[in-house]
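Take a look at the structure set out below.
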There are 2 protein chains.
Amino acid sequence: MTCDPMSDMTETDENALNRSPDEQASGFEAVRTAHQSEMVEDYVELIAELIHMNGAARPVEIAERLGVTQPTVSKNLNRLKREGLILQEPYRSIRLTEEGRQLAEACRKRHRIVVDFLVALGVSQEVAEYDAEGIEHHVSEETLSVFRAFTRERSKS
Amino acid sequence: MTCDPMSDMTETDENALNRSPDEQASGFEAVRTAHQSEMVEDYVELIAELIHMNGAARPVEIAERLGVTQPTVSKNLNRLKREGLILQEPYRSIRLTEEGRQLAEACRKRHRIVVDFLVALGVSQEVAEYDAEGIEHHVSEETLSVFRAFTRERSKS
DNA sequence: TACAAAAGTTAGCTTTGGCTAAATTGTGTA
DNA sequence: TACACAATTTAGCCAAAGCTAACTTTTGTA
Ligand SMILES: [Mn+2]
Ligand SMILES: [Mn+2]
Ligand SMILES: [Mn+2]
Ligand SMILES: [Mn+2]
């Protein structure tokens with residue numbers, strides 16, 4: 001045990017260290033899985049927002065609001081098309097399929113739960129929105145329920 | 001405005017919709033940036049744990065606990081080597097550099113803050129560990145402070 | 001109604017992080 | 001001390017998601 005790099009151990013660390021390899025791996029696997037749906041989720045959510053705001057979702061605005069280039073958006077929209085989440089004739093603006101609409105709705109709700117929770121907790125509006133964009137993809141149903149309950153309690157005063 | 005896909009709008013949604021394109025993009029950009037450091041952070045944190053538990057960190061165990069294959073670990077360890085976070089002679093086990101040790105320490109602390117917070121909030125141990133593995137990479141300093149404060153308050157009773 | 005500018009697409013490149021198959025090295029034990 | 005088996009590495013494949021450059025289509029306006 002030359003040069004132990006861990007100091008300041010707590011109960012939490014002990015618990016983490018006592019987990020089986022499989023149990024630990026399941027957390028990492030979940031993160032890798034989440035990464036595979038993040039792009040799709042953020043796109044449909046944003047497309048729904050743009051349709052709500054402007055009546056239409058155009059690639060140029062998707063690119064601007066995501067901070068990526070138009071060709072990147074064009075390529076990713078093809079994936080959404082393949083997956084049956086959007087409809088688009090070439091050079092025209094984008095519509096959501098019923099499946100896309102439902103996914104967008106679910107993502108928006110989850111996004112809102114996370115933001116409302118962070119704000120209820122004391123995080124500023126801006127940072128809450130900022131952090132939620134990443135956190136939302138890594139929150140299990142159990143945690144989401146706890147978030148909801150906390151926000152409800154906190155706003156009841 | 002054919003077929004508005006957003007119902008059930010709240011204050012939160014309004015706030016999100018009123019942001020400028022740049023402000024919205026900054027959140028997505030932060031997520032993309034976080035993705036670039038996740039692998040490195042999880043590896044050094046795990047390596048520190050293994051050294052603490054076993055006196056050594058061997059690729060085969062890193063692979064098992066991450067749920068990936070040995071060649072994947074081997075390749076990623078080369079990146080950690082390039083970045084000056086670990087030392088390893090071929091076919092020998094891994095040591096952390098001083099820089100690697102410090103990064104691991106910082107990651108462990110952040111991981112613990114997130115887990116302790118979720119548990120204090122009412123999430124189960126197992127799910128807290130599971131969700132924290134993803135959440136930890138998307139929590140700003142401000143949010144982390146709020147988490148710490150909440151856990152402190154909650155445990156003082 | 002032309003035509004320039006804006007929007008969208010295509011082609012082709014890069015990096016990251018997975019994988020399998022196969023080669024190499026280290027080690028415990030007969 | 002062999003040598004089989006375990007561990008590690010290398011080579012080469014793939015998909016995702018970013019980019020630039022170049023091309024095509026649409027649109028607003030003179
Ligand atoms: Mn997001
Ligand atoms: Mn979102
Ligand atoms: Mn992690
Ligand atoms: Mn971690």
Side-chain angles (χ1 to χ4, degrees), chain A residues 21 25-47 50-51 54-83 85-95 133-134 137, chain B residues 21 25-47 50-51 54-83 85-95 133-134 137:
Chain A
S26 76
F28 291 114
E29 276 154 21
V31 174
R32 290 194 297 271
T33 300
H35 284 168
Q36 297 190 318
S37 20
E38 282 186 29
M39 187 275 285
V40 161
E41 293 172 355
D42 289 336
Y43 271 64
V44 293
E45 189 185 349
L46 177 55
I47 288 166
L50 291 172
I51 292 175
N54 308 334
R58 289 151 64 239
V60 65
E61 202 167 358
I62 297 174
E64 190 188 15
R65 301 192 92 96
L66 289 172
V68 299
T69 61
Q70 289 191 5
T72 297
V73 169
S74 198
K75 182 184 290 189
N76 288 337
L77 289 177
N78 282 327
R79 175 164 158 209
L80 269 65
K81 232 175 293 182
R82 266 203 319 279
E83 296 187 8
L85 299 167
I86 62 170
L87 297 170
Q88 181 193 30
E89 299 121 86
Y91 297 94
R92 301 258 92 107
S93 56
I94 296 143
R95 283 168 304 151
E133 201 53 73
H137 307 283
Chain B
S26 76
F28 291 113
E29 275 154 22
V31 174
R32 291 193 297 271
T33 299
H35 285 167
Q36 298 191 318
S37 21
E38 283 187 30
M39 186 275 284
V40 161
E41 293 172 355
D42 288 337
Y43 271 64
V44 293
E45 190 184 349
L46 177 55
I47 289 167
L50 291 172
I51 292 175
N54 308 334
R58 288 151 64 240
V60 64
E61 202 167 0
I62 297 174
E64 189 188 18
R65 300 193 93 98
L66 288 173
V68 298
T69 62
Q70 290 191 3
T72 296
V73 170
S74 198
K75 181 184 291 192
N76 287 337
L77 289 177
N78 282 327
R79 174 164 159 208
L80 269 64
K81 232 175 293 182
R82 265 203 317 280
E83 297 188 8
L85 298 167
I86 62 170
L87 297 170
Q88 183 193 30
E89 299 122 86
Y91 296 96
R92 299 260 95 103
S93 55
I94 295 142
R95 284 168 305 151
E133 201 53 73
H137 307 283

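So that the names make sense, note that chain A is the first sequence line, chain B the second, and so on, each numbered from 1. Quick caveat: nothing in here was measured; it's all calculated off a predicted structure.
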request  = Go through DNA chain C in 5' to 3' direction and return only the first and the last nucleotide with some atom under 4.0 Å of chain B's heavy atoms.
outcome  = C/dT16 to C/dT27
inquiry  = Counting only heavy atoms from other residues, nucleotides and ligands, does the tally under 6.0 Å from CZ of B/R95 exceed 12?
reply    = no
task = Inspect the contact between A/E133 and B/R32 and indicate whether a charged nitrogen and a carboxylate oxygen are less than 4.0 angstrom apart.
result = no
What nitrogen or oxygen pairs link the protein and nucleotides 26-29 of chain D at under 3.5 Å?
| from | atom 1 | to | atom 2 | distance (Å) |
| --- | --- | --- | --- | --- |
| D/dT27 | OP1 | A/R92 | NH2 | 3.1 |
| D/dT27 | OP2 | A/R92 | NH2 | 3.4 |

key: Partner set under side chain to side chain contact (heavy atoms under 4.5 Å, CB included) for A/E64, not counting sequence neighbours   = A/E61, B/P21
query = Could you walk me through whether A/E41 and A/E45 pass the side-chain contact (heavy atoms from CB on, under 4.5 Å) check?
reply = CA-CA 6 Å; A/E41 293 172 355; A/E45 189 185 349; 5.9 Å; no
ask   = What pair of heavy atoms forms the shortest contact from B/Y43 to B/V73, and how long is it?
value = OH-CA, 3.7 Å
key: Closest heavy-atom pair and its distance - A/P59, A/L77   = CG-CD1, 4.1 Å
key: Sidechain-backbone polar pair: A/T33 side chain, A/E29 backbone, donor-acceptor under 3.5 Å   = yes
key: DNA chain D-proximal residues of residues 73-80 of chain A, any heavy atom under 4.0 Å   = A/K75, A/N76, A/R79
task = Of all the heavy-atom pairs spanning A/I94 and A/I51, show the shortest one and how long it is.
result = O-CD1, 3.9 Å
task = Keeping the roles fixed (side chain from B/Q70, backbone from B/S74), state whether a donor-acceptor pair exists under 3.5 Å.
result = no
query = Measuring from A/L66:CG to A/M39:CE, what's the distance to the nearest 0.5 Å?
reply = 10.0 Å
ask   = By a strict heavy-atom criterion of less than 4.0 Å, which residues belonging to residues 27-37 of chain A are in contact with DNA chain C?
value = A/R32
ask   = Are A/L80 and A/I47 close enough, and set up right, to give a side-chain contact (heavy atoms from CB on, under 4.5 Å), and what steps lead you there?
value = CA-CA 11 Å; A/L80 269 65; A/I47 288 166; 4.1 Å; yes
ask   = Which heavy atom in B/Q88 sits nearest to a heavy atom in B/K81, and how many Å separate them?
value = OE1-NZ, 3.2 Å
ask   = Nearest heavy-atom pair of B/E38 and A/H35: which atoms, and what distance?
value = OE1-CE1, 2.9 Å
key: Non-hydrogen atoms of A/A56 and A/S93 that approach each other most closely   = CB-OG, 3.9 Å
inquiry  = As an exercise, state the distance from CG of A/D42 to CD1 of A/I62, rounded to the nearest 0.5 Å.
reply    = 12.0 Å
query = Taking CD1 from B/I94 and C1' from D/dT8, how many angstroms apart are they, rounded to a whole number?
reply = 10 Å
request  = Identify, residue by residue, the members of residues 57-69 of chain A with a heavy atom below 4.0 Å from DNA chain C, and return them in order of residue number, or none.
outcome  = A/R58, A/P59, A/V60
